[in-house]
Amino acid sequence: MFLYNTLTQRKEIFTPHEEGKVKMYTCGPTVYHFAHIGNLRSYIMEDMLEKSLRYLGYDVTRAMNITDVGHLSSDADTGEDKMLKGARREKKTVMEIAQFYTDAFFTDCEKLGIKKPEIVVPATSCIDEFIHMVEVLLEKEYAYIAGGNVYFDTAKLPSYYVFGNMDAEDLDVGVRDSVEEDSNKKSKSDFVLWFTKSKFDDQELKWDSPWGIGYPGWHIECSGISVKYLGEYLDIHCGGIDNAFPHHTNEIAQSEAYLGHPWCKYWFHVLHLNDARGKMSKSKGDFLTVSLLEEKGYDPLVYRMFCLQSHYRKPLTFSFESLDNTAVAYKKLVQRIAALKTEGEHDEAGCEALRTKFKKSLENDVNTSLALTALYDVFKAKVSDADKLAMIKEFDEVLTLGLIAAADKLNRELEEKRSAIPEGVTAEEAAEINALIAKRTEARKAKDWGTADAIRDELAARHVVVIDTPQGISWHIEK
Ligand code: AMP
Ligand code: ZN
């Protein structure tokens with residue numbers, strides 16, 4: 001498999017630390033509000049990476065944190081804790097809103113076909129591990145205490161800006177003018193490992209530590225959770241591109257300083273979902289959620305398909321017009337699947353050729369738009385309908401667009417419509433008409449045109465309009 005690695009800024013052959021096994025870590029949501037569809041783009045594409053790896057035969061273990069403490073308004077450790085802000089907004093406790101928005105996040109994920117990682121860990125459950133990590137960093141002199149807080153000393157590293165095209169100026173991103181620069185830091189790029197001098201009087205979440213009562217910085221939680229649950233060597237770390245700096249840069253600094261060796265080999269970053277105003281973000285306020293899409297009548301899986309139509313490394317612009325186009329494409333796709341019969345011989349070579357193309361698209365840096373093309377190729381293939389259905393089912397286990405279920409539902413609805421007694425006839429008349437139509441079909445099959453024509457005339461005399469659809473025959477009484 002080829003994966004683009006933000007660390008080296010090129011596509012590389014993916015070779016996990018242990019053959020056949022993949023340790024994967026994902027930065028989870030900050031649970032102070034609903035996830036917006038931009039956040040969910042990242043989780044959909046990360047889900048595609050995990051499912052592609054599994055389909056290609058890897059044994060994947062994946063962990064995700066839930067950020068319920070320490071993420072300040074700016075990623076550069078300034079501003080207020082986002083969780084406290086959320087709790088105040090809703091007049092609830094931090095733990096109440098954390099629980100509420102964690103549940104809401106996984107409900108959204110389920111609707112979007114996103115598999116829940118086997119390991120999901122709230123940051124507040126690993127405080128001891130974070131404290132231990134900070135102790136080791138202090139012992140190794142990678143950290144210092146100033147003004148009551150513990151900071152990571154970035155000057156101790158041979159290279160801090162590991163993702164290339166970023167520098168100290170990028171730290172200003174997201175820092176509001178009203179926020180004061182932290183004068184305790186030796187260097188602008190240093191970051192907080194542990195806050196003991198809370199910036200806020202009402203800091204609700206605090207724990208005892210060797211440096212006094214306080215709380216962990218945001219970055220340490222991902223290093224701590226990853227090392228605790230996935231061990232010292234991580235294969236893939238995922239997140240939205242905004243997390244590359246400073247969050248992931250800081251994760252690398254502290255994890256490698258703590259472990260004393262390289263930590264994560266591949267960095268998988270999903271580019272942003274933008275709307276007319278630019279990057280969709282929670283702090284902007286009126287953002288789009290899955291519930292809002294549902295209220296507007298969209299199936300969340302149509303949004304998943306919208307995301308799969310583009311490559312994860314390209315920014316994606318959202319508009320309802322584009323989503324409508326995807327909704328039409330999704331509906332047509334389901335209709336085509338619903339029209340496939342469950343019959344026919346199995347052609348292994350034909351199926352394997354389809355499978356190869358699908359696999360190749362996933363192996364090529366999770367190229368989901370090519371994977372969708374490979375799905376459409378199934379309709380053109382010279383294999384039986386039964387094989388086509390089997391291949392679509394197999395591919396959709398990775399794509400997770402709910403295609404087979406949607407096609408079954410459509411067929412059930414059509415069948416119900418067909419078997420319902422049309423307006424203007426009694427049950428006996430409907431049974432007679434159904435019998436006549438069945439007889440006409442038999443006659444046509446037997447090329448008995450005389451009988452077929454006679455029945456056609458009889459149906460016409462009864463004002464019956466017969467419609468042939470790919471799913472079968474339906475009829476009604478002419479008005
Ligand atoms: P947060 O809940 O803010 O911690 O973010 C959760 C995930 O969503 C992180 O991986 C972010 O990098 C990602 N993210 C934030 N905004 C966007 C966006 N507009 N498009 C795609 N991913 C995003
Ligand atoms: Zn993280």
Side-chain angles (χ1 to χ4, degrees), residues 6 24-49 62-75 79 81-83 85-86 97-98 101-102 104-106 108-109 112 114 117 120-123 126 130 163 173-174 191 216-230 234 236-255 263-264 267-284 287-289 303 306-307 310-318:
T6 323
M24 184 173 166
Y25 185 85
T26 299
C27 288
T30 310
V31 282
Y32 71 108
H33 220 318
F34 291 107
H36 57 64
I37 60 169
N39 300 128
L40 292 160
R41 178 193 190 198
S42 286
Y43 294 112
I44 288 170
M45 302 320 278
E46 291 162 7
D47 179 65
M48 279 305 300
L49 170 64
R62 184 168 172 203
M64 179 196 268
N65 66 304
I66 299 290
T67 300
D68 52 3
V69 67
H71 194 171
L72 306 192
S73 299
S74 143
D75 288 353
D81 187 307
K82 294 188 182 194
M83 294 301 297
K85 226 170 142 179
I97 66 156
Y101 288 115
T102 302
F105 172 72
F106 285 115
D108 285 349
C109 285
L112 290 166
I114 301 169
V120 175
V121 189
C126 293
F130 307 150
F163 290 116
V173 173
F191 55 92
W218 169 39
H219 317 295
I220 194 81
E221 71 179 70
C222 288
S223 296
I225 292 170
S226 174
V227 171
K228 177 176 177 189
Y229 290 93
L230 298 173
L234 185 62
I236 310 176
H237 195 307
C238 317
I241 190 67
D242 57 323
N243 277 351
F245 187 80
H247 184 49
H248 293 161
T249 306
N250 293 349
E251 278 188 47
I252 294 172
Q254 65 205 2
S255 300
W263 169 52
C264 177
W267 288 81
F268 179 93
H269 287 120
V270 180
L271 271 282
H272 285 147
L273 181 82
N274 300 314
D275 58 16
R277 297 177 304 166
K279 181 200 163 196
M280 194 171 285
S281 80
K282 287 186 209 174
S283 51
K284 276 189 193 161
F287 49 78
L288 290 173
T289 59
Y303 178 65
F306 173 76
C307 291
S310 298
H311 196 253
Y312 77 88
R313 268 194 302 117
K314 286 198 186 122
L316 179 59
T317 303
F318 178 85

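For ligands, and for the atoms within them, numbers begin at 1 and follow the listed sequence.
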Can the ring centroids of Phe318 and Phe306 be said to lie less than 6.0 angstrom from one another? yes
Measuring centre to centre across the rings, with the benzene-like ring taken for any Trp, is Tyr312 within less than 6.0 Å of Phe268? yes
Have a look at His247 and say which of its N, O or S atoms is nearest the Zn ion (ligand 2). NE2
Does some non-hydrogen atom of [X] fall short of 4.0 Å from ligand 1?
X	answer
Val270	no
Asp242	yes
His36	yes

Donor-acceptor side-chain pairing of His237 and Glu251 below 3.5 angstrom: yes
Verify the distance test for His248 against the Zn ion (ligand 2): any N/O/S atom under 2.8 Å, yes or no. no
Hey, is the Zn ion (ligand 2) within less than 2.8 Å of some N/O/S atom on Cys222? yes
With no hydrogens and no angle check, is any side-chain donor or acceptor of [X] less than 3.5 Å from a backbone partner on [Y]?
X	Y	answer
Arg41	Cys307	no
His311	Arg313	yes
Asn65	Gly28	yes
Ser310	Pro315	no

Polar atom proximity, [X] to ligand 1 (N or O, under 3.5 Å):
X	result
Leu271	no
Met280	yes
Trp218	no
Asn39	yes
Arg41	no
Gly239	no
Tyr43	no
Cys27	no

Is any side-chain heavy atom of Leu288 closer than 4.5 Å to a side-chain heavy atom of Asp275? no
Can you tell me how the ring of Trp267 sits relative to the ring of His248, calling it parallel under 30°, perpendicular over 60° and tilted otherwise? tilted
According to the interplanar angle, ranging from 0 to 90°, do the rings of Phe105 and Tyr43 count as parallel (below 30°), tilted (30 to 60°) or perpendicular (above 60°)? perpendicular
Proximal atoms of ligand 1 relative to [X] (non-hydrogen, under 4.0 Å):
X	result
Pro29	2 (O)
Asn243	9 (C), 10 (O), 11 (C), 12 (O)
Ser42	13 (C), 21 (C), 22 (N), 23 (C)

Between atom CE of Met24 and atom CG of Leu234, what is the distance when rounded to the nearest 0.5 Å? 10.0 Å
